[in-house]
Number of protein chains: 2
Amino acid sequence: MKDLLRPDLTFRLTGRLWVESEQDRFMGIGRLELLRHIQQHGSISKAAQAMDMSYKRAWDLVSSLNAQSASPLVLTQTGGKRGGGTVVTPEGEELIAEFEALQARFQAFLAAEAARVL
Amino acid sequence: MKDLLRPDLTFRLTGRLWVESEQDRFMGIGRLELLRHIQQHGSISKAAQAMDMSYKRAWDLVSSLNAQSASPLVLTQTGGKRGGGTVVTPEGEELIAEFEALQARFQAFLAAEAARVL
DNA sequence: ATTCGTTATATTTTCATGAATATAACGACA
DNA sequence: TGTCGTTATATTCATGAAAATATAACGAAT
């Protein structure tokens, strides 16, 4: 493909991957980052503002994740000493780890293909 | 990941990849299909209607493709016996072939990863 | 010169997605 | 009991991308 591209521009090969069920997306890079931020901050609202995402969107994503998993990936608590909070369960941690690994293999694939094709 | 997913739903791993320059996308699955339709029909407008895409969008994509390639990928002719038309150049055919091959390897990657992770 | 089907191009309209905004519920603690 | 920061939820608003619409240019053929 190299010989077809304008030599004064720089090109890159990029992509995205995700897991989806019939009706809804389940896991992707955005949800991965959200889960990591929730781990860090212990709260959906804090995670959302750290990512510059609206609270509602973050909450919707969490709701979608939990709705499609066999057991909860995050546990939310409402009210209480600090108003509540959210923790990532061991199952959620497993999902994070597995999707991170998948993502890493994908990036390796992209790099290898870029070297071959660009 | 398998053990984390609701067993009453079916999940699939999917993804997309594309080549882009700084300012603009260059090649992706949508543009591949457009190029194939142009090959088949010899016209941007026929290709667009076969794909149920607006002519403007198809024309914009063709314009973007040619603007980023070293030599034209498609040649357009305006006016004339049948009003004009569009042909895919040998360079365009090369792009089609290479991107199809890349796409096939990507699908193989996805299938292998799905088998591992889902 | 007129017709015809296409390319070329600008402008307006639709639509979907996420952002913003608003409000209620919650429950520990002072 | 009142406060506080959060979760939970509904509704409105903004924005960007694609569709729809409109019009001109083109050039071979009649």
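Hydrogens, waters and symmetry mates are skipped; everything else that's a heavy atom, side chains included, is used. A note on names: the letters A, B, ... follow the listed sequences, proteins ahead of strands, and every chain is numbered from 1.
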Just list the side-chain donor-acceptor pairs under 3.5 Å for residues 106-118 of chain B, sequence neighbours left out, or say none.
residue : atom : partner : partner atom : Å
B/E113  : OE1  : A/R105  : NE           : 3.0
B/E113  : OE1  : A/R105  : NH2          : 2.7
B/E113  : OE2  : A/R105  : NE           : 2.9

Quiz item: Are any of B/R57's side-chain N or O atoms less than 4.0 Å away from OP1 or OP2 of D/dA18?
Solution: yes

Practice problem: Measure from CE on B/M53 to P on D/dA19 and round the result to the nearest Å. | Solution: 7 Å

Practice problem: List in chain and number order the residues that pass salt bridge (Lys or Arg N to Asp or Glu O under 4.0 Å) with A/E33, two or more places apart in sequence or in another chain; answer none if no residue qualifies. | Solution: none

Quiz item: What pairs meet the salt bridge (Lys or Arg N to Asp or Glu O under 4.0 Å) rule with one or both residues in residues 38-63 of chain B, with sequence neighbours excluded?
Solution: B/K56-B/D60

Practice problem: Please list, chain by chain and in numerical order, all residues satisfying side chain to side chain contact (heavy atoms under 4.5 Å, CB included) with B/W18, sequence neighbours excluded. | Solution: A/T14, A/R16, B/R16, B/E20, B/R25

Quiz item: Are the side chain of A/N66 and the backbone N or O of A/L73 linked by a donor-acceptor pair below 3.5 Å?
Solution: yes

Exercise. Enumerate the residue pairs fulfilling side-chain hydrogen bond (donor to acceptor under 3.5 Å, both in side chains) with a member in residues 77-90 of chain A, sequence neighbours excluded, ordered by first and then second residue.
Key: A/T89-A/E91

Practice problem: State which residues pass side-chain hydrogen bond (donor to acceptor under 3.5 Å, both in side chains) with A/D8; sequence neighbours excluded, sorted by chain then number. | Solution: A/R6

Quiz prompt | Residues in contact with DNA chain D, drawn from residues 18-29 of chain B - heavy-atom cutoff 4.0 Å | solution = none

Quiz item: So which residues get pulled into A/L75's cluster when ILVMFWY side chains under 4.5 Å apart are joined, directly or through others?
Solution: A/V87

Practice problem: Measure from CG on A/L34 to P on C/dG18 and round the result to the nearest Å. | Solution: 13 Å

Quiz prompt | Residue whose closest nucleotide on DNA chain C lies nearer the 5' end, A/D52 versus A/K81 | solution = A/D52

All N/O pairs under 3.5 Å across the protein-nucleotides 7-15 of chain C interface:
residue : atom : partner : partner atom : Å
C/dT7   : OP1  : B/I44   : N            : 2.7
C/dT7   : OP1  : B/T86   : OG1          : 3.0
C/dT7   : OP2  : B/S45   : N            : 3.1
C/dT7   : OP2  : B/S45   : OG           : 3.4
C/dA8   : OP1  : B/T76   : OG1          : 2.8
C/dA8   : OP2  : B/W59   : NE1          : 2.5
C/dA8   : O5'  : B/W59   : NE1          : 3.3
C/dA8   : N7   : B/Y55   : OH           : 3.4

